[in-house]
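Encoded as structure tokens, the structure appears first; notes follow it.
Each residue takes its place number in the sequence, starting with 1. Every heavy atom of this structure was used, including side-chain atoms; hydrogens, water molecules and symmetry mates were not.
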Amino acid sequence: MKSALNPFLLAVLSGLLLACSWPTYGSPLLIFFAFIPLLLAEKQLRESYYKVKLKVWACAYITFVTWNAITTWWLYYASGFGMFFAVLVNALLMSVLFLMYHIVAKRIATKWSLFFLVCLWLSFEKFHLNWDFSWPWLNLGNVFANNPKWIQWYEYTGAFGGSLWVLATNVVAFYAISNAENAKSGILRIFPKVILMIAVPIVFSLWIYNIYEIKGKTKEVIVLQPNVDPYTEKYDTPNFIITKGLLEQADSLVTPKTEFIIAPETVLAESAPFDAFYNSPSRALMTNYIAKHPKVQLLWGIDTYHFIYDPKDVSPSSNIFRPGMWVDFYNAALFINEQPDFQKYYKSKLVVGIENLPYKSILEPLLGNVMLDLGGTISTKTTQKERIPFIANDGTKVAPIICYESVYGEYVSGFVKNNAQFLAIITNDAWWNETQGHKQHLTFASLRAIETRRDIARSANTGISAFINQKGDIVSRTKYGEKTALKGTVHLNSDMTFYVFSGDYIAYLAIFFLSLLTGYILVKKRKVLEV
């Protein structure tokens with residue numbers, strides 16, 4: 001079936017469908033048809049012209065730059081350069097993937113080339129979770145974050161199950177349309193298959209949703225939302241004043257049953273070293289507060305650092321302070337209770353260009369320190385290897401997840417493998433102003449709740465603080481831009497889901513099959529050249 005439409009118009013249509021399907025923008029149902037116009041454009045070009053690689057790439061780039069720009073333009077409020085870099089480069093990477101599909105489609109049967117595209121895209125999403133320029137915001141499985149009732153089976157597949165669902169539906173529909181004699185017969189052929197491919201997983205999910213029972217005993221938790229300006233006020237106000245204000249916010253809700261008070265990412269932002277914090281006025285205020293409320297335990301974010309004098313302790317992320325002296329900067333979480341010492345965790349999934357200079361050992365000697373300044377330190381943060389939950393007085397284990405880390409499914413599951421019983425997300429979503437950014441970030445937390453079957457207590461400086469249950473439902477929430485506190489309960493679940501045990505196995509299978517297909521294509525090409 002030949003399309004009468006201009007391929008570039010088809011490319012724009014795909015971009016708009018992808019964008020309008022994204023959480024907080026439109027309906028996720030559109031994602032099941034979003035790739036079809038672009039695939040039709042590629043097929044039309046491939047069958048109509050001899051040398052069309054540039055046109056195919058241009059069509060793909062139009063699609064993906066449209067999608068990226070509409071859904072993540074709000075990055076501009078944090079950094080204009082960062083926004084353009086993320087949009088243009090991410091679209092470039094996606095367009096290169098599609099060009100690779102085009103090259104393969106000219107060499108092997110259509111069914112196998114479409115299978116190649118599915119495996120290639122899933123492999124790319126996995127790669128995008130782990131390399132230094134990581135930006136998985138637009139991984140396809142995230143599209144259903146605002147519809148948790150549709151994806152309860154993420155506890156078995158993780159978000160990659162959603163990506164596979166989207167890709168499989170698109171390629172099956174495209175194959176039916178492209179092999180039909182005309183548009184009408186193509187639509188008639190596609191309709192039953194696509195309806196089933198969309199409906200069956202949703203119906204199965206609704207069944208799981210209705211039979212699933214929230215597990216575990218409960219704990220009373222308060223999440224704080226101080227609503228301070230992240231560029232100036234947070235860094236210009238002494239920590240003890242910030243601490244005093246936060247504890248006063250908690251006072252309005254605290255009861256004898258309250259066990260956890262959670263405050264946002266880097267809420268303590270005076271940039272004092274860990275050693276100084278031990279004897280700081282903020283620590284004294286916290287200790288006095290806990291003395292008045294013995295069951296209370298504090299999980300708060302802090303921006304801090306540690307000096308290094310021994311070259312043996314220097315890591316790739318360490319920063320030179322002066323000759324013979326280095327410094328490690330941390331975006332950290334503290335856990336403080338009646339014990340004499342406190343527990344700490346270092347954020348380990350870092351925001352590119354703000355907390356992490358990608359491939360620092362290579363780029364820093366060439367470019368110098370080109371980190372973006374968002375009000376705090378502008379040096380690479382130091383991370384930690386293990387996902388160690390905090391342990392409360394009674395043995396309860398809580399996972400401290402800092403901001404951007406909540407976008408990474410397998411990463412979060414690492415805390416649960418170490419027996420975390422609920423998740424505490426601390427974040428600062430004020431960078432993006434009142435746009436779609438903080439709303440999307442909130443919905444992504446629902447994915448982690450379903451994957452791990454863990455309740456979530458979410459504290460945002462400005463953004464949306466919330467309580468999310470094990471089904472991914474947002475039980476209660478605050479509004480953007482208000483100084484407030486929210487009280488709720490979390491359930492302590494110790495069971496582990498299949499996804500927690502297995503991780504991103506769908507992506508690993510995709511990588512395996514992609515390797516086999518690539519080997520087959522290369523061998524086939526070699527035989528053709530030999531003939």
Side-chain angles (χ1 to χ4, degrees), residues 21-25 27-29 31 71-72 122 125-126 128-130 134-167 201-202 204-206 208-209 212 214 349 387 399 401-417 420 422-427 429 436-458 460 463-475 477 490 493 496-507:
S21 67
W22 215 245
T24 73
Y25 277 100
S27 170
L29 288 173
I31 198 77
T71 52
T72 59
L122 291 172
E125 289 194 347
K126 182 60 179 176
H128 223 1
L129 286 165
N130 293 304
S134 178
W135 177 239
W137 204 269
L138 296 184
N139 280 9
L140 294 172
N142 295 341
V143 73
F144 307 107
N146 217 21
N147 300 83
K149 291 182 180 180
W150 293 13
I151 50 170
Q152 294 297 302
W153 39 268
Y154 272 24
E155 70 168 296
Y156 302 104
T157 68
F160 274 98
S163 296
L164 178 59
W165 186 24
V166 169
L167 291 165
I202 293 176
F204 179 56
S205 179
L206 292 173
I208 296 174
Y209 181 88
Y212 183 85
I214 304 294
K349 282 294 185 181
R387 311 283 74 78
I401 298 163
I402 303 177
C403 190
Y404 191 46
E405 293 179 330
S406 64
V407 185
Y408 295 81
E410 193 174 56
Y411 181 89
V412 170
S413 74
F415 286 105
V416 179
K417 282 183 178 179
F422 79 95
L423 313 180
I425 296 176
I426 59 175
T427 185
D429 293 347
Q436 305 306 113
H438 75 276
K439 299 175 185 177
Q440 292 173 14
H441 195 201
L442 169 67
T443 65
F444 292 168
S446 291
L447 304 179
R448 308 291 83 85
I450 297 169
E451 289 171 343
T452 63
R453 292 303 186 188
R454 293 298 187 268
D455 281 8
I456 295 175
R458 187 179 195 269
I464 302 173
S465 301
F467 286 92
I468 302 172
N469 68 21
Q470 295 165 16
K471 296 182 178 183
D473 297 324
I474 298 175
V475 177
R477 55 186 288 173
V490 295
N493 186 14
M496 298 202 186
T497 65
F498 182 82
Y499 174 71
V500 169
F501 277 119
S502 306
D504 293 331
Y505 65 92
I506 290 176

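In summary, the side chains of Q470 and Y212 do present a donor paired with an acceptor at a separation below 3.5 Å, with no hydrogens or angles considered.
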Practice task
Please step through side-chain contact (heavy atoms from CB on, under 4.5 Å) for the pair F160 and L140, ending with a clear verdict.
Solution key: CA-CA 8 Å; F160 274 98; L140 294 172; over 6 Å; no
Exercise for the section: Decide side-chain contact (heavy atoms from CB on, under 4.5 Å) for I456 and F467; before the verdict, give the C-alpha distance in whole Å, the side-chain angles of both, and the deciding distance to 0.1 Å. Expected result: CA-CA 6 Å; I456 295 175; F467 286 92; over 6 Å; no
Exercise for the section: List the steps and the verdict of ring pair (Phe, Tyr, Trp, His ring centres under 6.0 Å) for Y505 and F498. Expected result: CA-CA 11 Å; Y505 65 92; F498 182 82; 5.6 Å; yes
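Classification of the Y411-F415 ring pair by plane angle, with boundaries at 30° and 60°, yields perpendicular.
At a threshold of 4.5 Å between non-hydrogen side-chain atoms, the residues E125 and L138 do not count as touching. With a 4.5 Å cut-off on side-chain heavy atoms, V500 and T497 count as touching. Residues N493 and V416 are not in side-chain contact: their nearest non-hydrogen atoms beyond the backbone lie 4.5 Å or more apart. Contact of the R477 side chain with the L442 side chain is registered, since non-hydrogen atoms from C-beta on lie closer than 4.5 Å. At least one side-chain heavy atom of I214 sits under 4.5 Å from a side-chain heavy atom of K471. Between D455 and V475, every side-chain heavy-atom pair lies at or beyond the 4.5 Å cut-off. Side-chain contact check for I464 versus I474: every heavy-atom pair is 4.5 Å or farther apart. W137 has its side chain out of reach of N142: every pair of non-hydrogen atoms, C-beta onward, lies at least 4.5 Å apart.
Using a 4.0 Å cut-off between charged nitrogen and carboxylate oxygen, E410 and R387 do not count as a salt-bridge pair.
The shortest heavy-atom contact between A449 and N469 is CB-O, 3.4 Å. Nearest approach of M496 to F501, heavy atoms of both residues: CB-CE1, 3.8 Å. In plain terms, the two heavy atoms of L447 and G141 that are nearest each other are CD1-O, 4.3 Å. Of all the heavy atoms in A145 and S446, the pair that sits closest is O-CB, 4.0 Å. Residues S205 and W150 come closest through the heavy atom pair OG-C, 2.9 Å. Contact detail for A507 and K126: the closest heavy-atom pair is CB-CB, 3.7 Å.
To the nearest 0.5 Å, atoms CG (L206) and NZ (K149) are separated by 8.0 Å. Taking CD1 from I202 and CD from Q152, the interatomic distance works out to 12.5 Å, rounded to the nearest 0.5 Å. Between the OG1 atom of T157 and the CD1 atom of I506 there is a distance of 5.0 Å, given to the nearest 0.5 Å. Separating the OG1 atom in T427 from the CD1 atom in I401 is a distance of 11.5 Å, to the nearest 0.5 Å. Atom-to-atom distance recorded for I208:CD1 and F204:CZ is 3.5 Å, nearest 0.5 angstrom. Between atom CG of residue L423 and atom OG1 of residue T452 there is a gap of 4.5 Å, rounded to the nearest 0.5 Å.
Among W165, W153, Y154, F444, the single residue meeting the ring-ring contact (aromatic ring centres under 6.0 Å, His included) criterion with F144 is W165. When each of H441, R458, R448 is tested with S406 by the rule side chain to side chain donor-acceptor pair (under 3.5 Å), just one qualifies, namely H441.
The closest donor-acceptor contact from the side chain of Q436 to the backbone of T24 lies under 3.5 Å.
Listed by chain and residue number, Y408 satisfy the side-chain hydrogen bond (donor to acceptor under 3.5 Å, both in side chains) test with S134 (two or more places apart in sequence, or in another chain).
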